[in-house]
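Along the sequence shown, residues carry numbers from 1. Computed over heavy atoms, backbone and side chain alike; hydrogens, waters and symmetry mates excluded. Order of listing sets the numbers, starting from 1, for every ligand and every atom in it.
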Amino acid sequence: MTNDKTLGNWLKEMNLGHPLTIAGPCSAETQEQVLNIAHQLSKNESRVTVFRAGVWKPRTRPGSFEGIGALALPWLQQVKKETGLLTAVEVANAHHVKLALEFDVDILWIGARTTVNPFAVQEIADVLQGTDKIVLVKNPVNPDLELWIGAFERLYKAGIRKLGAIHRGFSSYNKSQYRNQPNWQIPIDFKSRFPEIPIICDPSHICGRRDCLENVAQTALDLQYDGLIIESHHNPDEAWSDASQQITPTTLHEMIHRLTVREKTFKDATHLNQLTVLRNEIDQIDQKLIEVLTERMQIVNKIGQVKKEKNVAVLQNQRFNEIMDKMFQKAHKTGLSDEFITGLYREIHQESIRQQEKIVNS
Ligand code: PEP
Ligand code: MN
């Protein structure tokens, strides 16, 4: 699969626009809702070329709206006929795939809760064998690059060549500003392993709320993603699922027009472009560094509490020397200099002592 240069051809050949823009409600609710949203999204200037709608909804807890089911598939056929938009639905088992094929859905996507399950992915790949469907694979809910790649390999082995990846973020037990942490390094690693597979960002499921969608979408475009999939509903507050992250077609339209689309390839004297992409990667890593350092300090503070309770000295030189030895060994393997590691860890250690001093003396 790694050397197959044809995997992204479908996107180049189908003239779906750059960035590929997929939009539509989290869930198909009624025929009227589906058609209303599709007509609004299909207006010329909107750049949307694919209409998404969840028909079978994987819900974390039972009792929530679990989708209209097959009843909604004719509505999607009607969307295609009336607006010219292609259609996309989520499939999670063989039965869903059979129905989606029967009703001529153009693009299937495998949801994050399905990508984690090799049995389900295999079952889907088996039914797709012999078709030339476009299949988009969302990252698994957990931050596991190999599991994501494994799903692609199963589809590839079944002969599917029109593939794409959707980055929808990763779940975490820690509360954060995101519904699902973007962990940008994972899709970046995916892209460097499989440069031919188009990658699409799903800011809706990363953010979980409206006010961060634009930021995440712009970051994705800065990292040269090939497309965006964004949930849009004519009356977001009343949506039957994911109400807090959906936006109206008008808001989506305005947002899309504010986004800066970067050049895909170099034109003369546009090295700046490459620089922007690399700087954005650095920015993401720097953000992560601060998060990791903060997490480290939180643990340092817990140790400070224990030292206070037991009346033990803050400075434990032997422990610091052990840490340094371990870090030197690790750094030698990755090519970082002793000088750099010494300086870095002195700073970290000093800050740890400062924080513990405050606790012990409080
Ligand atoms: C969805 O796209 O509506 C959906 C359920 O997404 P995910 O699989 O990313 O949670
Ligand atoms: Mn949703």
Notebook entry, point to check: Which of parallel (below 30°), tilted (30 to 60°) and perpendicular (above 60°) describes His167 and Phe170?
Noted result: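 It falls in the tilted class, 30° to 60°.
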Check: For the residue pair His96 and Trp56, does the interplanar ring angle fall in the parallel (under 30°), tilted (30 to 60°) or perpendicular (over 60°) class?
Finding: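 Rings of His96 and Trp56: parallel, as their planes differ by under 30°.
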Margin query: Cation-pi check for Tyr156 against Arg161: NZ or CZ below 6.0 Å from the six-membered ring centre and within 45 degrees of the axis, yes or no?
Written below: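 Yes, cation above the ring, under 6.0 Å and within 45°.
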Notebook entry, point to check: Ile22 pairs by side-chain contact (heavy atoms from CB on, under 4.5 Å) with which of Ile230, Ile166, Leu136?
Noted result: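 Exactly one pass, corresponding to Leu136.
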Check: Which heavy atom of the protein is the closest neighbour of atom 8 (O) of ligand 1, given with residue, atom name and distance?
Finding: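 The protein heavy atom lying closest is Ala112 N, 2.9 Å.
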Item checked: For atom 4 (C) of ligand 1, closest protein heavy-atom neighbour ->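 Here the nearest protein heavy atom works out to His205 NE2, 3.5 Å.
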Check ligand 1 against [X] and write out every atom of the ligand that is under 4.0 Å from a heavy-atom position of the residue.
X: Arg52; result: 1 (C), 2 (O), 3 (O)
X: Lys57; result: 1 (C), 3 (O), 5 (C)
X: Gly111; result: 8 (O)

Margin query: Using side-chain heavy atoms (C-beta onward) and a distance below 4.5 Å, is His95 in contact with Leu99?
Written below: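 Result yes, sub-4.5 Å side-chain heavy-atom pair found.
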Notebook entry, point to check: For the residue pair Leu223 and Glu281, what are the closest heavy atoms and their distance?
Noted result: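 For Leu223 and Glu281, the tightest heavy-atom pair comes out as CD2-CG, 3.7 Å.
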Checklist line | Residue among Arg179, Arg210, Arg52 satisfying salt bridge (charged side-chain N to carboxylate O under 4.0 Å, His left out) with Glu231 | finding: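 Going through the options one by one, the only one that passes is Arg52.
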Notebook entry, point to check: Out of curiosity, Cys201 SG to Gln218 CD, how far, rounded to the nearest 0.5 Å?
Noted result: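 It comes to 11.0 Å.
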Checklist line | 2.8 Å cut-off (strict), protein N, O or S atoms about the Mn ion (ligand 2) | finding: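 If we list every protein N, O or S atom nearer than 2.8 Å to the Mn ion (ligand 2), we get 4.
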Check: Which is closest to atom 6 (O) of ligand 1 in terms of heavy atoms, Glu90, Arg168, Glu231, Lys138?
Finding: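 Residue with the shortest heavy-atom distance to the ligand atom: Lys138.
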Notebook entry, point to check: Mind checking whether Arg113 has an N or O less than 3.5 Å away from an N or O of ligand 1?
Noted result: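 Arg113 vs ligand 1: N/O contact under 3.5 Å present.
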Next item on the list: Would you kindly say whether Gln122 and Arg154 are connected by a side-chain donor-acceptor distance under 3.5 Å?
Entry: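 On atom types as modelled, these side chains qualify, holding a pair under 3.5 Å.
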